[in-house]
Amino acid sequence: PDSRFTMSLIGIDLGTTFCAVATLDDRGRPVTLPNRDGEMLTPSAVYLAPDGGAVVGQPAQDLALEQPDRVATLIKRRMGLPDFGRLVAGRSFRPETLSAVILRKLAQDAELHLGPVKQCVITVPAYFDDTRRKATLDAGRIAGLEVLDIIDEPSSAALAYSMQQAAGIGPEGLTALAPPAAGPRTVLVYDLGGGTFDVTLVILAKKRFQVLAIEGDVRLGGKDWDDRLVNWAADRFLQHYGSDPRSDEHSIAALQAAAERAKRTLSKIEQTTLTASHAGNRLVVPVTRAEFETLTKDLLIRTRLTTQQALHEAGLTWEQVDKVLMVGGSTHMPATSRMLAELTGK
């Protein structure tokens with residue numbers, strides 16, 4: 001175990017597509033812990049092997065292309081429901097059982113740095129109802145962890161921001177937002193993850209943290225942007241070859257992976273290509289950022305309307321909001337920050 005850490009208590013961001021783990025160092029500062037591969041993010045994917053073992057993370061994600069029937073992803077979207085919605089390796093599972101496999105792996109990776117880990121806090125979307133929260137709590141217990149608290153993801157982001165402000169630390173650019181606030185600040189947290197969307201308005205003061213409004217959508221996230229690209233490319237393939245890659249689980253798994261890569265690329269450059277392969281045929285489809293933004297415009301509008309609703313619920317105007325925090329991988333899409341800047345004036 002690393003001598004910088006004095007507590008074997010971890011915080012887990014249990015995401016729809018990726019997870020992360022943090023702890024406090026010996027000075028009480030939050031530190032993200034890398035997994036056993038040295039990565040800060042662990043894909044939320046579980047592969048169930050024929051020998052009964054389970055593999056979690058990037059290897060499971062990779063195996064999804066070859067053996068999609070043995071891999072569970074997007075488990076968080078099923079939390080609170082009686083089953084995962086499809087068989088995994090020929091068996092029916094509850095979502096919390098599959099989540100527990102991920103949580104156990106995250107805790108084991110943390111133990112490489114900390115020594116034995118027993119206690120944790122786990123984040124959930126602010127919009128999760130009691131059934132989904134209880135399922136998350138159960139997943140922690142099944143994983144052999146004592147769950148001290150279930151904390152809302154936007155609250156967690158706002159708290160992290162306020163701690164970094166107070167300590168004058170944080171990723172490059174975060175401390176540049178403002179000097180540590182003297183008085184209370186009103187912060188809007190816009191959290192667009194892989195599978196869920198939350199928007200929360202909070203007041204941050206030195207010793208006080210108050211949530212003013214929460215709005216969200218537990219079935220809206222980066223995966224929906226991916227799906228638009230998948231269907232767009234599959235329709236073109238169908239027109240060209242007369243067969244549909246969506247009809248085969250291997251073809252669709254490969255197309256989904258290609259769509260996610262294309263989406264990430266379009267966040268950096270204006271144009272890329274998307275390859276669809278099915279039934280011995282292959283089609284390379286060029287796609288521009290402008291086309292992608294048109295395909296997904298209604299999804300972004302949904303987040304905009306939800307953000308406006310949160311402001312309305314809090315009884316505030318944009319002039320009264322001091323900061324906008326963008327959280328979640330999907331906020332890397334340029335259209336997201338453009339829309340928010342235009343909406344908020346920040």
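Side chains included, hydrogens not; waters and symmetry mates left out as well; all remaining heavy atoms used.
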Step by step, work out the salt bridge (charged side-chain N to carboxylate O under 4.0 Å, His left out) result for R104 and E111. CA-CA 10 Å; R104 188 69 228 130; E111 286 177 338; 3.8 Å; yes

NE2 of H250: more than 12 outside heavy atoms within 6.0 angstrom?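 Correct, the count exceeds 12.
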
Around atom CG of D37, are there more than 12 heavy atoms of other residues, nucleotides or ligands at under 6.0 Å?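 Counting other residues, nucleotides and ligands, CG of D37 exceeds 12 neighbours.
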
Less than 4.5 Å apart, side chain to side chain, heavy atoms only: is that true for [X] and [Y]?
| X | Y | result |
| --- | --- | --- |
| S44 | C19 | yes |
| D217 | T196 | no |
| K263 | M333 | yes |

Using modelled atom types and a 3.5 Å cut-off, is there a donor and acceptor pairing between side-chain atoms of [X] and backbone atoms of [Y]?
| X | Y | answer |
| --- | --- | --- |
| D83 | R94 | no |
| D322 | T186 | yes |
| D69 | A89 | no |
| Q320 | T317 | yes |
| S156 | D152 | no |

Could you give me the CA-CA distance, side-chain angles and deciding distance for R228 and E291, then say whether salt bridge (charged side-chain N to carboxylate O under 4.0 Å, His left out) is met? CA-CA 11 Å; R228 291 293 168 87; E291 282 174 317; over 6 Å; no

Pairwise side-chain hydrogen bond (donor to acceptor under 3.5 Å, both in side chains) hits with a residue in residues 272-286, at least two apart: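 Counting only pairs at least two positions apart or across chains, the side-chain hydrogen bond (donor to acceptor under 3.5 Å, both in side chains) contacts touching residues 272-286 are S251-H278.
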
Report the C-alpha distance between K297 and E293 in whole Å, list the side-chain angles of each, state the deciding distance to 0.1 Å, and finish with yes or no for salt bridge (charged side-chain N to carboxylate O under 4.0 Å, His left out). CA-CA 6 Å; K297 191 176 181 182; E293 288 178 355; over 6 Å; no

How long is the span from the CZ atom in R302 to the CG atom in L192, to the nearest 0.5 Å?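 Answer for the CZ-CG pair, R302 versus L192, is 10.5 Å.
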
Please say whether the positively charged group of R289, taken as NZ for Lys or CZ for Arg, lies over the ring of F292, i.e. under 6.0 angstrom from the six-membered ring centre and within 45 degrees of the axis.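 Geometry flag: not set, cation outside 6.0 Å or 45°.
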
Under the criterion salt bridge (charged side-chain N to carboxylate O under 4.0 Å, His left out), I'd like the reasoning laid out for D227 against K223: C-alpha separation, chi angles, the key distance, then a yes or no. CA-CA 6 Å; D227 287 347; K223 177 69 172 65; 2.6 Å; yes

